[in-house]
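In what follows, a structure is listed as structure tokens, so that the remarks can point back to it.
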Amino acid sequence: MTNAVLTGLVLGGMYALIAMGLTLQYGVARIMNLSYGEFLIGAAFASYWLFTGWALNPLAGLAFVIPVSFGVSYLLYRVLLTPLVRRARTRDALEVDSILATFGMMFIVQGIMLTMFGGAYFSYSFLAVPVTIVGEVLALNRLIAFGLAVVVGLALYLTLTRTRIGTSIRAVAVDPVAAQLVAIDVTRTSALAFALGGALVASAGVLISMFLTFSATSGVVFTMKALIVVVMGGVGNLLGCLVAGLALGLSEALVATFIDPGLTLAVNFALFLGVLLVKPAGIFGRAQR
């Protein structure tokens with residue numbers, strides 16, 4: 001039981017970190033990015049390549065992968081998505097256009113990774129050292145990944161709540177029209193939030209690659225789980241991402257341990273539907289009037 005709970009907390013922390021990036025992209029820039037998981041897998045492959053080809057520690061590789069992902073995401077928003085933003089008459093119309101655009105982009109990125117790496121599963125051994133906690137054994141790489149996820153999440157929270165740019169991001173998320181009235185560059189701020197989401201998902205990809213196997217087609221699973229966490233927690237709510245992510249991770253670990261590993265996906269959707277039936281706007285979401 002204790003081992004299942006600890007495993008669930010580690011998984012939940014990673015799910016929360018993954019979802020935080022998506023909630024920035026969707027909650028601020030209003031881009032429903034269906035290619036989100038592909039960028040996570042791209043970062044995982046980058047970490048794999050740096051570790052196996054250049055003997056670069058994955059934790060050190062974060063210093064390379066995160067800035068690259070930030071830059072690529074920023075350019076992607078400016079080049080591909082900004083025309084959609086300018087064309088869309090309403091935020092709802094932008095959501096529809098972004099779904100279609102990123103759905104196509106998902107296959108492009110996935111196709112590139114399939115060409116480069118094929119359809120096989122990849123993994124590498126890094127700090128797979130057993131560590132005993134409260135009488136249970138966990139791999140050190142999982143504990144490091146969880147610890148770094150907590151640090152990154154806390155840094156994001158402090159950035160959004162204690163800095164000027166964070167205030168601008170939150171203002172655009174609440175009301176982009178009103179944000180323009182107080183001299184906030186909405187397009188630039190949205191691009192920054194989208195790029196920040198890309199950096200977060202890249203960091204999650206590197207951390208996950210340290211203890212999970214992955215393939216070029218694994219991205220859709222992480223996109224789905226990120227969407228579940230974002231909607232369950234409430235769109236744009238970081239605390240909601242944390243609570244929903246932990247709930248998802250714990251439910252998966254408990255079901256896999258005591259019932260059947262094949263039922264984890266069913267439990268994800270059951271939990272998702274249960275929350276929406278009770279609170280349609282999410283755990284910490286506010287119902288629109």
#### Entry: Distance-only donor-acceptor check, side chains T187 and S190, under 3.5 Å
no

### Query
For residues 233-253, which residue pairs qualify under salt bridge (Lys or Arg N to Asp or Glu O under 4.0 Å), counting only residues two or more places apart or in two chains?
K225-E252

### Query
Among pairs that include at least one residue of residues 225-244, which meet ring-ring contact (aromatic ring centres under 6.0 Å, His included), considering only residues two or more places apart or in two chains?
none

### Query
Would I165 and F70 show up in the same hydrophobic cluster when neighbours are defined by side-chain heavy atoms closer than 4.5 Å?
yes

### Message
Please list all pairs meeting ring-ring contact (aromatic ring centres under 6.0 Å, His included) that have one or both residues in residues 208-240, counting only residues at least two apart or in different chains.
### Response
F45-F214

Under 3.5 Å donor-acceptor pairs involving side-chain atoms of residues 46-67, not counting sequence neighbours:
unit_1: S47; atom_1: OG; unit_2: Y124; atom_2: OH; d: 2.8
unit_1: T52; atom_1: OG1; unit_2: Y48; atom_2: O; d: 2.7
unit_1: N57; atom_1: OD1; unit_2: L59; atom_2: N; d: 2.7

Which donor-acceptor pairs under 3.5 Å do side chains of residues 143-159 form with protein atoms, sequence neighbours excluded?
unit_1: T159; atom_1: OG1; unit_2: A155; atom_2: O; d: 2.8

### Residues clustering with V220 (ILVMFWY side chains joined when closer than 4.5 Å, directly or via others)
V221

### Query
Under 3.5 Å, is there a donor-acceptor pair between the side chain of T163 and the main chain of G166?
yes

### Query
For R87, what residues pass the salt bridge (Lys or Arg N to Asp or Glu O under 4.0 Å) criterion, not counting sequence neighbours?
D97

## Note on the structure
Contacts satisfying ring-ring contact (aromatic ring centres under 6.0 Å, His included) that involve residues 71-102 (not counting sequence neighbours) are Y77-F194

### Task
Looking only at non-hydrogen atoms, find the nearest pair between A253 and T257 and report the distance.
O-OG1, 2.7 Å

For residues 168-183, which side-chain N or O atoms pair as donor and acceptor with protein atoms under 3.5 Å away, sequence neighbours left out?
unit_1: S168; atom_1: OG; unit_2: R164; atom_2: O; d: 3.2
unit_1: R170; atom_1: NE; unit_2: L160; atom_2: O; d: 2.6
unit_1: R170; atom_1: NH2; unit_2: L160; atom_2: O; d: 3.4
unit_1: D175; atom_1: OD1; unit_2: V177; atom_2: N; d: 3.1
unit_1: D175; atom_1: OD1; unit_2: A178; atom_2: N; d: 3.2

### Message
Among residues at least two apart in sequence or on other chains, which ones pass side-chain contact (heavy atoms from CB on, under 4.5 Å) with I108?
### Response
I112

### Task
Apply side chain to side chain donor-acceptor pair (under 3.5 Å) to T161 and list each qualifying residue two or more places apart in sequence or on a separate chain.
none

### Message
Name the residue from L227, T102, V201, I31 that meets the side chain to side chain contact (heavy atoms under 4.5 Å, CB included) definition with Y36.
### Response
V201

### Query
Side-chain contact, heavy-atom cut-off 4.5 Å: I41 with F122?
no

#### Entry: Residue list, ring-ring contact (aromatic ring centres under 6.0 Å, His included) with F107, at least two apart or on another chain
F103

